[in-house]
Asks: 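Can you keep this structure in mind? I'll have questions shortly.
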Number of protein chains: 2
Amino acid sequence: MANKPPAAHDHRRCIDKALAAAEQICYKNSVKLTPVRKQVFTIILQSHRATGAYTILEALAKALPAGASKPAPPTVYRALAFLQSNRLIHRLASINAYIACCRPARNHESYFLICQHCHNATEIPGENISAAIARQAGMEGFKVRREHVEVLGVCTNCTAKEPG
Amino acid sequence: MANKPPAAHDHRRCIDKALAAAEQICYKNSVKLTPVRKQVFTIILQSHRATGAYTILEALAKALPAGASKPAPPTVYRALAFLQSNRLIHRLASINAYIACCRPARNHESYFLICQHCHNATEIPGENISAAIARQAGMEGFKVRREHVEVLGVCTNCTAKEPG
DNA sequence: CCGTAAATGTTATGTTATATCATTCTAGTA
DNA sequence: TACTAGAATGATATAACATAACATTTACGG
Ligand SMILES: [Zn+2]
Ligand SMILES: [Zn+2]
Ligand SMILES: [Zn+2]
Ligand SMILES: [Zn+2]
């Protein structure tokens with residue numbers, strides 16, 4: 001476990017729940033959560049920090065059965081594309097990294113608080129933000145398709161540890 | 001002029017105003033808008049679309065006095081860093097590109113509507129969006145430092161041209 | 001079993017960004 | 001004017017992120 005979650009919790013349970021949800025969603029979408037895809041998703045789930053594609057690649061190489069050939073970047077990027085298209089993960093463009101969606105059942109856009117100190121990323125409800133965006137977009141006659149909100153700053157834990 | 005601005009306007013004047021403002025801001029900040037930096041800024045100003053670093057690099061190579069040695073990536077990236085730190089441009093992380101700020105005198109975060117069709121990017125007022133973000137961040141005890149809001153969709157012009 | 005489509009493997013390359021050190025320019029100062 | 005320290009730029013190499021293209025394997029209905 002290479003991270004410190006935003007609040008103490010049973011992370012094993014966290015992972016299991018996410019995997020179960022993913023299985024359901026893939027079944028509903030009539031797509032297959034193949035071993036590679038599941039493995040990549042599991043790697044992403046290990047932490048509440050966003051993970052870079054090449055970090056995932058390394059982890060995948062270690063996770064594969066001994067003797068298996070080393071995976072190449074397309075393997076990871078294809079799995080990421082699959083997971084994104086099924087709304088199981090988000091991409092954080094400002095830091096080129098990928099993170100599990102905390103509410104994959106509901107279609108929604110991407111709203112994150114990213115701690116510059118510990119790099120934990122917290123997915124937040126986007127209703128109010130989205131409404132504010134819709135208002136501005138409406139004034140410009142702009143049709144909204146995707147929303148990416150990435151807020152950088154310092155999380156509670158890190159503020160507590162480093163006052164001032 | 002390699003672009004179609006969101007609304008018809010005298011783009012030459014647009015550029016001149018932005019350059020004059022930049023001179024002022026740099027003077028106020030006690031920093032130098034050197035020829036390279038000014039040239040890079042001018043290249044970015046040519047269009048209301050965001051411009052990639054390597055596109056800027058090519059344009060810079062053509063713009064330099066004949067016989068001058070070809071610029072390398074760090075030249076562009078250093079100029080971009082300078083322009084960003086003086087709030088003259090924004091980086092659009094979702095498309096890895098750079099665009100001039102339309103209100104550089106006022107410090108503010110980054111709120112953009114990006115047309116997926118014509119690639120024009122419109123900087124919008126962020127007060128309401130920022131307020132909504134502040135509310136969510138407050139609930140998480142998160143200290144906001146930077147906000148990046150990138151909305152992808154279709155602009156008025158493109159909607160008009162391609163109904164349905 | 002066979003044929004097809006999906007998934008994965010493999011190789012190469014494209015795209016974006018930075019590290020590092022050398023050189024030149026700028027301004028203040030003696 | 002000459003010296004000097006710091007800023008800016010030049011030059012080279014490489015890191016980090018991502019995709020194109022084609023070969024091979026796998027899954028699965030007929
Ligand atoms: Zn989500
Ligand atoms: Zn933190
Ligand atoms: Zn701006
Ligand atoms: Zn458009």
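Letters A, B, ... are given to chains in the order of the sequence lines, protein chains preceding strands, and every chain is numbered from 1.
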Asks: What's the separation between atom NZ in B/K143 and atom CG in A/L152, rounded to the nearest 0.5 Å?
Replies: 15.0 Å
Asks: Please report, rounded to the nearest Å, how far the P atom of C/dT16 is from the CD1 atom of B/I56.
Replies: 11 Å
Asks: If you measure from the Lys or Arg side-chain nitrogens to the Asp or Glu carboxylate oxygens, is any gap between B/E127 and B/R106 under 4.0 Å?
Replies: yes
Asks: In this structure, how many angstroms lie between the P atom of C/dA7 and the CG atom of A/L83, rounded?
Replies: 12 Å
Asks: Can you find a side chain N or O atom of A/S69 that sits less than 4.0 Å from OP1 or OP2 on C/dG9?
Replies: no
Asks: Are there more than 12 heavy atoms of other residues, nucleotides or ligands under 6.0 Å from atom CD of B/Q24?
Replies: no
Asks: Rounded to whole angstroms, how far apart are CG on B/L92 and P on C/dT15?
Replies: 19 Å
Asks: Taking A/Q136 for the side chain and B/I124 for the main chain, is one N or O donor matched with an acceptor at less than 3.5 Å?
Replies: no
Asks: Please report whether the ring centroid of B/H119 lies less than 6.0 Å from that of B/H117.
Replies: no
Asks: Using whole Å, what does the distance between atom C1' of nucleotide D/dA7 and atom CG of B/N29 come to?
Replies: 16 Å
Asks: Over how many whole Å does the gap from B/L57 atom CG to D/dT12 atom C1' extend?
Replies: 14 Å
Asks: Can you tell me how far P of C/dA7 sits from CG of A/L33, to the nearest Å?
Replies: 11 Å
Asks: How would you label the contact of B/P74 with the nucleic acid (heavy atoms, under 4.0 Å): base, sugar-phosphate, or nothing?
Replies: base
Asks: With a non-hydrogen cut-off below 4.0 angstrom, is A/F82 in contact with a base, only sugar-phosphate, or nothing?
Replies: nothing
Asks: Applying the 5.5 Å / 30° rule, does A/Y54 stack onto the base of D/dC17?
Replies: yes
Asks: If each of A/K32 and A/R91 is mapped to the nucleotide of DNA chain D with the nearest heavy atom, which maps nearer the 5' terminus, i.e. the 5' end?
Replies: A/R91
Asks: Can you check the A/Q84 CD to D/dC17 C1' distance for me, whole Å?
Replies: 14 Å
Asks: B/R78 side chain N/O closer than 4.0 Å to the phosphate oxygens (OP1, OP2) of C/dT18?
Replies: no
Asks: Can you work out whether A/R37 or A/K70 has the more 5'-proximal nearest nucleotide on DNA chain C?
Replies: A/R37
Asks: C/dG9 phosphate, OP1 or OP2: any side-chain N/O from A/Y77 under 4.0 angstrom?
Replies: no
Asks: Looking at C/dT8, C/dT11, D/dA18, which one has an atom nearest to any side-chain atom of A/A72?
Replies: C/dT11
Asks: Without decimals, in angstroms, what is the distance between B/N96 CG and C/dT16 C1'?
Replies: 6 Å
Asks: Please confirm whether the shortest side-chain N or O distance from A/T75 to OP1 or OP2 of C/dG9 is below 4.0 Å.
Replies: yes
